[in-house]
Participant: 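Could you have a look at this structure, given as C-alpha cells, before my questions?
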2 protein chains.
Amino acid sequence: MSIKDVADRAGVAVGTVSNVLNHPARVSAATRGRVQGAIDELGFVRNDAARQLRAGQSRTIGLIVLDVGNPFFSSLARAAEDCAAENGSTVVLGDSGQDAGRETRYIDVFEQQRVQGMLISPVGDVGPRVEALRARGMPVVLVDRVDAQRRCSSVSVDDVAGGYMAVRHLLAAGRRRIVFVGTRAGYRQVADRLAGARQAVGEQDGAVLEVVEAEAMTVLAGRDVGGEIAQRRREELPGGIFCANDLLAIGVMQAVLLIRGLRIPEDIALIGYDDIDFSASAVVPLSSVRKPTTLMGRTAVELLLEEIEEPASRRRQVIFDPELVERGSTQAPVRAVG
Amino acid sequence: MSIKDVADRAGVAVGTVSNVLNHPARVSAATRGRVQGAIDELGFVRNDAARQLRAGQSRTIGLIVLDVGNPFFSSLARAAEDCAAENGSTVVLGDSGQDAGRETRYIDVFEQQRVQGMLISPVGDVGPRVEALRARGMPVVLVDRVDAQRRCSSVSVDDVAGGYMAVRHLLAAGRRRIVFVGTRAGYRQVADRLAGARQAVGEQDGAVLEVVEAEAMTVLAGRDVGGEIAQRRREELPGGIFCANDLLAIGVMQAVLLIRGLRIPEDIALIGYDDIDFSASAVVPLSSVRKPTTLMGRTAVELLLEEIEEPASRRRQVIFDPELVERGSTQAPVRAVG
DNA sequence: ACGTGCCAATGAAACGATTCAAAAGCACGT
DNA sequence: ACGTGCTTTTGAATCGTTTCATTGGCACGT
C-alpha cells in the first residue's frame, strides 16, 4: 500500500498524489477530490520512514527523563508535548529510570531515528555523550541540570533561591528558631536548599538555623525527625521547620500533630519542597516550594527549536526561580467574618 | 554521513559494511576490523528511516496511556519497556491525557511510523478506530479495558473480584456493618468494586452493606464522608469501611482519627483501592487492593508480540485478579513477645 | 595446468515519499 | 492558425539501507 497504489486508483501520477498531501493548492479541485477519494477508499497511510529518508530530518523530539512516575517529569513532559505540537513536532518519551544503560539505549535509538533534537535529564555525567552528539550536529538541551562547560542550552531551577524563599517565608511569619531537615547524602539539590536557608537566616537579626539530619527523604524518616523535635522542651521547640522535600514534611507533620498535640501552624510553622500532589490534601495543607514545570517544559522545547532553526546561535542557560505555595501549614486560616 | 562514506573510508563495498552491521559472521575478521575502525573514526550512526523503509517494519511498539502521571500507567509502562527490550523492541510512549484528540494524533503518528503494534488504554469508544487499524493489519492490544466484540486481545483487572477481596478481608476481621464509599458517576470500575462488595456481604450471615456517596474521588471528599461517619452514635458506627480508591480512604482516615479520636483499626477497619505510593506512609498504613501492574505490562507486550508473530492466532482476553495488601488499617499490629 | 568447492566481497535493485525540471493543457489575443 | 503566459500534471532522480545473485580469490585434488 503506497502512494503508487493511490495514484493508479485515482488515475494520476505519483507526484500528483504527493502534491495533494503536501501542497494541496497546486492541485486542481477536481483532481484533489479524486485523489482524496482514492486515499479514503484504500485506507492509505503515509510511510513516515520513506518521508523522513527523503527529507533527511524528522518532526520528532526525543525526551529522556529520569522517571516518568515522578510528577515533575510527567508534567514537564506534558508541557513539552503541548509546545511541540504547536510547532508541528511530536515528542516521544523515553524513561531512563535513573539507569545509565537505559539512558544510553534511548540516546542511541533517538539518534538512529534522526530526531530533530533531544531534551535530556541526564543520569550521571553526560559530558562525553553530549559532546559526541553535538559533534554530529544533534541539538541537545539539558533539563534540570546545567552544563558546566556551557556547550549546550539548559533549563533548570535555582534551588538556592527556593531554600531562601521558604525560610524567608517562615521568618516573615515571625519565626526565629528555624530547623532545616535534610539528608547528608550528596544531593546537590539538598545542599542548595540548605544554602538558601542559611542565607535567609543570616540576613535576619536574631534568627538561628539548626540542621537536623534525616535517614532518607521519606515520610517515615520525617516521622522520626518530627518525633524527636516534638518531644523537646517547649522553650527549645523551633517556631518553623523547613524540610528538604514534601515527603519529609508530611512525616514531620504526622509526628508533630499526633505525638504531643502541637498545633500547626500556631506552635510550629512547617514548609516542604516540591509541592507534590498530596501536599494540598494533608491534614493541614502543606506550604511548599514548586518548580515551574510547565514553563520549564515549554522553554526547553523552545530552546531546542531555536537551536534547530539557527544552529549557530548562542547556547543559553535558563535558570528559573521556583514559586512559593502558601498553605495552612504556615498561615493560620483567615477567619470568615460573621 | 552514510554507509557509503564508511565503505569508502574502509576501502570496501557498501554491502560489506551492511554485513558487518547485520551479519558479522559473514565477514572475515580482518575486513570486519577495518570497517569497524572506519565506523568509529567517522562516528557513523545507522539511519533508522532507511533501514525501516527497506525492512518494511520497525522494531518499535507504541504505547498510549491515559496519563503518564498516574502511577499505574507509569509502572505499567516501565514493565512494558523491560519486556520489549528483552525481545529486541523499544517502547515509545504517548500520553493522551484522557483527550480523544491527542489519542487520535498518537495513533496516527504511530501508524505512520509503522510501529510493530500498539498497546492502547483507550479514552472513549475506540471500536471504529481499532477496527480500521486491524483492517490494515496493525496489531493492537487493549490495556485496562476489554473489547466487547473480542476483536483484539486485552489485559485488564477484575474489579469485581477486587471489591470482593476487600470486603471479605473486613468480614474476616469480624466486622459486620460495612460501609462502601464511592461516587455515583458512571465509572464502570467503581460499579464493579461495589458489585464485588455486595457479593461478599451477601455471602456472610448477619453482614450489612451501606453505600455512601462521595462528591468526588479525592482526599477532600473522603474527609467529608469520614466526618459524617465519625459523628454517628457509637452503635451506628460501621466496623469496616471500604473506599473505592485510596484517596477517599486517606480522607476518611484523616477525619476519623482527628474528629472524634476513634482508633483505626480497633474501632473502624479501613481499606482502600489502588495501593498508591502514599498509602504505605499514611499515619496508619492503609490496607489496599493492588493491580498487578508489572504483570499486566509484560503480558500486554507478550500478547502483542504473539499477534505480530502469528497474525492468525486467536485473540485473548486476559483478566487478572488484583492483590490484597494488608496493612495496619485493617489489622492491629502483632505485638512482639518479650 | 585445470577444474571444483568454498568463502568473501561486490554492487545493482528495491523500499516509498518528495522534489523539480519538463511537458501538457488551456485561455486568450492577434 | 499560432504564439504567449499561465496553471496543472508528469515521472525520473534521490534519500540510505538491506538483500541477493554474481563475481573474485584461494586451496585442494587430479
Participant: Would you mind reporting whether A/Phe72 and A/Met296 have side-chain heavy atoms less than 4.5 Å apart?
Facilitator: yes
Participant: Does B/Asp192 have any side-chain hydrogen bond (donor to acceptor under 3.5 Å, both in side chains) partners at least two apart in sequence or in another chain, and if so, which?
Facilitator: B/Arg188
Participant: Which of residues 36-60 of chain A have a heavy atom under 4.0 Å from DNA chain D?
Facilitator: A/Leu53, A/Arg54
Participant: Would you check if B/Phe73 and B/Asp95 make a side-chain contact, meaning some heavy-atom pair closer than 4.5 Å?
Facilitator: no
Participant: From B/Ser58 OG over to B/Leu53 CG, what is the distance, rounded to the nearest 0.5 angstrom?
Facilitator: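 Going from OG on B/Ser58 over to CG on B/Leu53, the span is 12.5 Å.
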Participant: Quick one: salt bridge (charged side-chain N to carboxylate O under 4.0 Å, His left out) partners of B/Glu310, sequence neighbours excluded?
Facilitator: none
Participant: Would you say the side-chain atoms of B/Ser154 pair up with the backbone N or O of B/Val146, donor to acceptor, closer than 3.5 Å?
Facilitator: no
Participant: Using a strict heavy-atom distance below 4.0 Å, which residues from residues 18-35 of chain A are in contact with DNA chain C?
Facilitator: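 Correct list: A/Ser18, A/Asn22, A/His23.
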Participant: After noting the C-alpha distance and the side-chain angles of A/Ile61 and A/Leu119, does the key distance pass the side-chain contact (heavy atoms from CB on, under 4.5 Å) rule?
Facilitator: CA-CA 8 Å; A/Ile61 292 172; A/Leu119 307 176; 4.2 Å; yes
Participant: Report each atom pair, protein N/O against N/O of nucleotides 4-6 of chain D, whose distance is under 3.5 angstrom.
Facilitator:
none

Participant: Can you name the side-chain hydrogen bond (donor to acceptor under 3.5 Å, both in side chains) partners of A/Gln113, sequence neighbours left out?
Facilitator: none
Participant: Name the first nucleotide and the last nucleotide along DNA chain C (5' to 3') that come under 4.0 Å of a heavy atom in chain B.
Facilitator: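 Nucleotide range with atoms under 4.0 Å of chain B: C/dA8 to C/dG16.
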Participant: What is the distance, rounded to the nearest whole Å, between atom CZ of B/Arg114 and atom P of D/dT17?
Facilitator: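 It works out to 20 Å between those atoms.
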Participant: Are the side chain of A/Glu103 and the backbone N or O of A/Val123 linked by a donor-acceptor pair below 3.5 Å?
Facilitator: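 Yes, A/Glu103 side chain to A/Val123 backbone: donor-acceptor pair under 3.5 Å.
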Participant: Could you tell me how far apart A/Lys4 (NZ) and D/dA12 (C1') are, to the nearest whole angstrom?
Facilitator: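 Taking atom C1' of D/dA12 as the reference, NZ of A/Lys4 is at 14 Å.
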Participant: Can you give each donor-acceptor pair under 3.5 Å made by side-chain atoms of residues 42-49 of chain A, sequence neighbours left out, with the distance rounded to 0.1 Å?
Facilitator:
| unit_1 | atom_1 | unit_2 | atom_2 | d |
| --- | --- | --- | --- | --- |
| A/Asn47 | OD1 | A/Ala49 | N | 2.8 |
| A/Asn47 | OD1 | A/Ala50 | N | 3.3 |

Participant: Between B/Arg114 and B/Gln57, is there a donor-acceptor pair closer than 3.5 Å when you use the side chain of the first and the backbone of the second?
Facilitator: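 It does not hold such a pair.
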Participant: What does the list of N/O pairs under 3.5 Å between the protein and nucleotides 22-24 of chain D look like, with a distance for each?
Facilitator:
none

Participant: Using the side-chain hydrogen bond (donor to acceptor under 3.5 Å, both in side chains) criterion, which residues pair with B/Ser28? Sequence neighbours excluded.
Facilitator: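 Result, side-chain hydrogen bond (donor to acceptor under 3.5 Å, both in side chains) vs B/Ser28: B/Thr31.
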Participant: Between A/Ser153 and A/Arg316 (side chain of the first, backbone of the second, donor and acceptor by atom type, cut-off under 3.5 Å), is there such a pair?
Facilitator: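 Judged by distance alone, yes, a pair lies under 3.5 Å.
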Participant: Can you tell me how far OG of B/Ser89 sits from CD of B/Gln116, rounded to the nearest 0.5 angstrom?
Facilitator: 3.5 Å
Participant: Select base, sugar-phosphate, or nothing to describe what A/Thr16 touches, counting heavy atoms under 4.0 Å on all strands.
Facilitator: base
Participant: Nearest-Å distance, CD1 (B/Ile3) to P (D/dT14)?
Facilitator: 19 Å
Participant: Keeping the roles fixed (side chain from A/Asn87, backbone from A/Cys83), state whether a donor-acceptor pair exists under 3.5 Å.
Facilitator: yes
Participant: If a pair satisfies side chain to side chain donor-acceptor pair (under 3.5 Å) and one of its residues is in residues 126-141 of chain B, list it, with sequence neighbours excluded.
Facilitator: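 Every pair satisfying side chain to side chain donor-acceptor pair (under 3.5 Å) with a residue in residues 126-141 of chain B: B/Asp108-B/Arg129, B/Glu111-B/Arg136, B/Glu131-B/Arg151, B/Arg134-B/Glu307.
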Participant: Does NZ or CZ of A/Lys291 fall inside the cone over A/Phe320's six-membered ring, less than 6.0 Å from its centre and within 45° of the axis?
Facilitator: no
Participant: Give a yes or no answer on whether the side chain of A/Arg32 reaches the backbone of A/Val27 with a donor-acceptor pair at less than 3.5 Å.
Facilitator: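 Yes.
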Participant: To 10°, what angle do the rotation axes through the five end pairs on each side of the helix from C/dA1-D/dT30 to C/dT30-D/dA1 form?
Facilitator: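 Comparing the axis at each end, I get an angle of 70°.
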Participant: So A/Val12, base contact, sugar-phosphate only, or nothing? Heavy-atom distance under 4.0 Å.
Facilitator: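 Touches sugar-phosphate only.
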